[in-house]
Amino acid sequence: QVQLVESGGGLVQAGGSLRLSCAASGRTFSLYNMGWFRQAPGKEREFVAAISRRGARTYYADSVKGRFTISRDNAKNTVYLQMSSLKPEDTAIYYCAADSALKVTTTQYDYDSWGQGTQVTVSS
């Protein structure tokens, strides 16, 4: 398994931006598709974005499309989530996850490894 550590969360006003980072260690990072998920208070964890091993393919939830961008730097073993035009409903704990399967998936149960999460709070 790969170990994952998220960072970059915080408090931001509506309309603002944040960039989350997820640093990986333990296994060859480029062998994993990577995903970002989030869980708001009282809600189920949901898919946000995913990226293929080399970054050629990206996938987004409809709720963040056009506002969030997922990217990765395999030389730095890091995946990023650039979040712009943030809304109060984006408030959640954000988790990164790694999946060793061949195809990118948006299903959280397919992911093998998870970080501890980072809190993002968007004030109105």
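Atom set for the values below is all heavy atoms of this structure, side chains included, hydrogens, waters and symmetry mates excluded.
- No side-chain heavy atom of Leu20 sits less than 4.5 Å from a side-chain heavy atom of Tyr80.
- Connection of Val2 to Ile70 is established within a shared hydrophobic cluster, with ILVMFWY side chains joined at heavy-atom distances below 4.5 Å, either directly or through further cluster members.
- No salt bridge links Asp90 with Lys87; every basic N to acidic carboxylate O contact stays at or beyond 4.0 Å.
- Residue pairs that meet the disulfide bond (SG atoms under 2.5 Å apart) test with at least one member in residues 46-124, sequence neighbours left out, are Cys22-Cys96.
- Ala14 and Pro88 make their closest contact through CB-CD, 4.1 Å (heavy atoms, listed as atom of the first residue, atom of the second, distance).
- Between Leu86 atom CG and Ser124 atom OG the span is 13.0 Å, to the nearest 0.5 Å.
- Between Met83 and Tyr94 the shortest side-chain heavy-atom distance falls below 4.5 Å.
- The cluster map of Ile, Leu, Val, Met, Phe, Trp and Tyr, joined by side-chain heavy atoms under 4.5 Å apart, puts Val12 and Val64 in the same cluster.
- Within the 4.5 Å cutoff, side-chain heavy atoms of Trp114 are placed close to those of Phe37.
- Within the 3.5 Å criterion, the main-chain N or O of Leu102 finds a donor-acceptor partner in the side chain of Arg53.
- Remark: the backbone N or O of Val104 is not paired with any side-chain donor or acceptor of Asp110 at under 3.5 angstrom.
- Summarising the geometry of Ala24 relative to Leu4, their closest heavy-atom pair is CB-CD2, 3.7 Å, with the distance given to 0.1 Å.
- A cation-pi arrangement, defined by a distance under 6.0 Å to the six-membered ring centre and an angle within 45 degrees of its axis, is present between Arg72 and Phe29.
- Remark: the backbone N or O of Leu11 is not paired with any side-chain donor or acceptor of Thr121 at under 3.5 angstrom.
- Looking only at distances, no side-chain donor or acceptor of Thr28 sits under 3.5 Å from a matching main-chain atom of Ser30.
- For the residue pair Arg19/Gln82, the side-chain donor-acceptor check at 3.5 Å is not satisfied.
- Of all the heavy atoms in Tyr59 and Phe47, the pair that sits closest is O-CZ, 3.6 Å.
- The CE atom of Met34 sits 9.5 Å away from atom CD1 of Ile51, with the distance rounded to the nearest 0.5 Å.
- Between Glu6 and Gly117, the shortest heavy-atom contact is OE1-N, 2.9 Å.
- The number of heavy-atom neighbours closer than 6.0 Å to NZ of Lys65, taken from other residues, nucleotides and ligands shown, is above 12.
- With sequence neighbours left out, the ring pair (Phe, Tyr, Trp, His ring centres under 6.0 Å) criterion links Tyr95 to no other residue.
- Side-chain contact between Gln39 and Glu44 is absent, with no heavy atoms from C-beta onward closer than 4.5 Å.
- Nearest heavy atoms, Tyr111 versus Ala50: OH-CB, 3.7 Å.
- Without hydrogens or angle criteria, Thr78 side chain to Lys76 main chain gives a donor-acceptor distance under 3.5 Å.
- Using modelled atom types, one side-chain atom of Thr118 and one backbone atom of Gly9 make a donor-acceptor pair closer than 3.5 Å.
- Using a 4.5 Å heavy-atom threshold, the side chains of Asn33 and Lys103 count as separate.
- Here the side chains of Thr69 and Leu81 are not in contact, with every heavy-atom distance at 4.5 Å or above.
- Two residues are said to be in side-chain contact when any heavy atoms from C-beta on lie closer than 4.5 Å; Asp99 and Tyr32 fail this criterion.
- Between the OG atom of Ser71 and the CG atom of Asp73 there is a distance of 8.5 Å, given to the nearest 0.5 Å.
- Side-chain atoms of Asp112 come within 3.5 Å of backbone atoms of Ser100 as a donor-acceptor pair (strictly under, hydrogens ignored).
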When you look at Val5 and Gln3, which way does the side chain to side chain contact (heavy atoms under 4.5 Å, CB included) test go after all the steps? CA-CA 7 Å; Val5 178; Gln3 289 74 51; 5.9 Å; no

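- For Arg67 (side chain) and Ser85 (main-chain N/O), a donor-acceptor pair under 3.5 Å exists by modelled atom type.
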Show your reasoning for whether side chain to side chain contact (heavy atoms under 4.5 Å, CB included) applies to Val48 and Tyr60. CA-CA 6 Å; Val48 176; Tyr60 297 93; over 6 Å; no

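- Environment of CD in Gln116: crowded, with over 12 heavy atoms of neighbouring residues, nucleotides or ligands closer than 6.0 Å.
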